[in-house]
Each structure stands twice: as C-alpha cells, then as structure tokens.
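Encoded as structure tokens, the structure appears first; notes follow it.
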Amino acid sequence: MTAMRVGVLGLQGGVAEHLAMLRPIEGVVAGSFMRVSELERLDAVILPGGESTAMGKLLAEFGLLEPLAARIAGGLPVWGTCAGLILLAKDISNDQRHHLAVMDITVDRNAYGRQLHSFIGAELIAGLPGGPFPLVFIRAPRITRLGPGVQALAKVAGEPVACRQVNMVATAFHPELSGDDRFHRWFVELARTAQTGIASRKP
Ligand code: GLN
C-alpha cells in the first residue's frame with residue numbers, strides 16, 4: 001500500500017492533537033507543514049482549530065493562501081476543524097474577511113460562544129460506523145448556509161455541524177480532542193479513494 005502523506009497546517013493552533021490521532025493509522029505518514037514546497041508533496045491536508053484570523057494572516061505571509069486554495073480546488077482532500085472550517089468557507093457572515101474561500105458554505109464565527117464552550121455531546125455522523133461520535137465544541141462557528149453541492153454529515157439541534165463538498169470536509173467540532181480516532185480514519189479513507197481515483201485516471 002502506498003503511504004498517504006497527510007499534512008497538518010502547522011502555522012498555529014491544535015496541530016499536535018491531529019498528528020497524535022494520525023500517526024498510529026497504518027499506511028499514513030503525518031507531519032506538519034508551513035511551506036509551499038512541503039504542500040506540493042502532500043496527498044491530503046488538515047486545517048486545525050485555533051484562531052482563524054491569525055491563521056489566515058499567516059497563510060498569506062507564508063505565501064500559502066493561493067497555492068493551497070488552488071490545490072484544494074484541484075481536488076486535494078482537505079478537512080478543516082473549527083477555525084479550519086472558517087478558513088475554508090466562502091462567506092463569513094460576521095467578518096469582512098474570507099480566507100481560502102473554497103467551500104460553498106456560510107459561517108458565523110464564535111456563534112456558539114460560551115453556551116457551547118467545551119460543550120460535549122454525541123451524534124451519529126453519516127458514513128461513520130460504530131454509533132454516535134463524541135462532539136467537542138470550543139467557541140465553535142455555526143454553519144448557517146450549505147450550498148447546493150454541500151452535504152450535512154451531522155446535525156445538532158437541527159443545524160449542521162459537519163459537512164462535505166466532494167473533497168472538502170468541515171467540522172465545527174474537534175474530533176482530535178475526542179479520544180475517538182474514527183473520524184481521522186474515515187478522512188484518510190476518503191483521501192485514499194481520491195488518490196486511487198487520480199492514479200487510475202493516468203494512462
Ligand atoms: N473561535 C475561533 C475562530 O473564530 C475558532 C475556535 C476553534 O478553532 N476552536 O477562529
């Protein structure tokens with residue numbers, strides 16, 4: 001089996017927690033990345049939680065904003081958790097800025113504020129076997145609009161908290177803090193399918 005090279009954006013935020021979840025997965029080589037030369041070698045990318053404004057500024061400073069957006073638009077599997085979800089969103093309703101702006105969703109930053117500060121629940125996630133998944137929210141964004149090509153994967157109180165648009169996955173919560181590696185394994189499988197798809201299209 002060819003190793004999957006999964007990079008966690010290492011500019012700021014909860015990088016180590018994602019790496020700790022990824023490293024035990026067989027067939028995965030996981031590391032953090034900050035440079036375009038590193039991005040070029042990756043098969044899949046995770047954008048961690050943290051502070052989206054700081055991460056967005058650093059993405060621009062490191063010259064990563066456009067190359068990363070272009071690779072995602074070209075099919076690179078990506079998963080954004082919390083602040084990472086905000087980086088992916090086309091629209092941020094309570095902010096003038098947007099960052100990578102590749103995913104057809106609108107988000108409201110810090111919408112869950114204190115009510116959901118460290119709120120923990122459990123919900124079924126579409127496509128994830130093994131029963132309800134623990135949901136850890138930390139000043140989470142609310143996903144207020146899903147574009148026509150975006151599928152909700154999980155809901156809390158009728159509102160989407162995880163969604164997918166082809167190669168892009170976004171969660172308002174933090175699977176890397178849940179002690180449950182099923183979401184990371186599912187994302188690696190999604191990325192592997194994308195990799196196989198690309199390989200089989202080659203002449
Ligand atoms: N509130 C943060 C932001 O808006 C996201 C919080 C998180 O990633 N846990 O960037």
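Order of appearance sets the numbers: ligands from 1, and atoms from 1 within every ligand. What you see is a predicted model, and the numbers here were worked out from it, not measured in a lab.
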With heavy atoms under 4.0 Å as the rule, classify the contact between Ile86 and ligand 1 as side chain, backbone, both or neither.
-> side chain
Taking only Lys NZ, Arg NE, NH1 and NH2, and the carboxylate oxygens of Asp or Glu, determine whether Arg142 and Asp108 approach each other closer than 4.0 Å.
-> no
Note: heavy atom closest to atom 2 (C) of ligand 1, options Gly80, Cys82, Gly50, Ala83, belongs to Gly50
Closest to atom 4 (O) of ligand 1 among protein heavy atoms sits Arg109 NE, 2.8 Å
With a 4.5 Å limit on heavy-atom distance, are the side chains of Leu59 and Leu100 in contact?
-> yes
Does the distance from a Lys or Arg side-chain N to an Asp or Glu carboxylate O, for Asp43 and Arg192, drop under 4.0 Å?
-> no
Short list, please: which atoms of ligand 1 are under 4.0 Å from a heavy atom of Gly49?
-> 8 (O)
Electrostatic pair Glu66:Arg71 at N-O distance under 4.0 angstrom | no
Test side chain to side chain contact (heavy atoms under 4.5 Å, CB included) on Leu22 and Ile46 and set out the steps.
-> CA-CA 10 Å; Leu22 290 168; Ile46 292 179; 3.9 Å; yes
So for His174 against ligand 1, with non-hydrogen atoms under 4.0 Å, the contacting part is side chain
Taking only heavy atoms of Ser52 into account, list the atoms of ligand 1 that are under 4.0 Å away from them.
-> 3 (C), 4 (O), 10 (O)
Lys/Arg-Asp/Glu bridge criterion (N-O < 4.0 Å) met for Glu51, Arg109 = yes
Quick one: which ligand 1 atoms are inside 4.0 Å of a heavy atom on Ile138?
-> 6 (C), 7 (C), 9 (N)
Test of proximity, Thr81 against ligand 1: N or O pairs below 3.5 Å = no
Determine, for Glu38 against Arg35, whether the closest basic-nitrogen to carboxylate-oxygen distance falls under 4.0 angstrom.
-> no
Ligand 1 atoms nearer than 4.0 angstrom to some heavy atom of Asn110 are 1 (N), 2 (C), 4 (O)
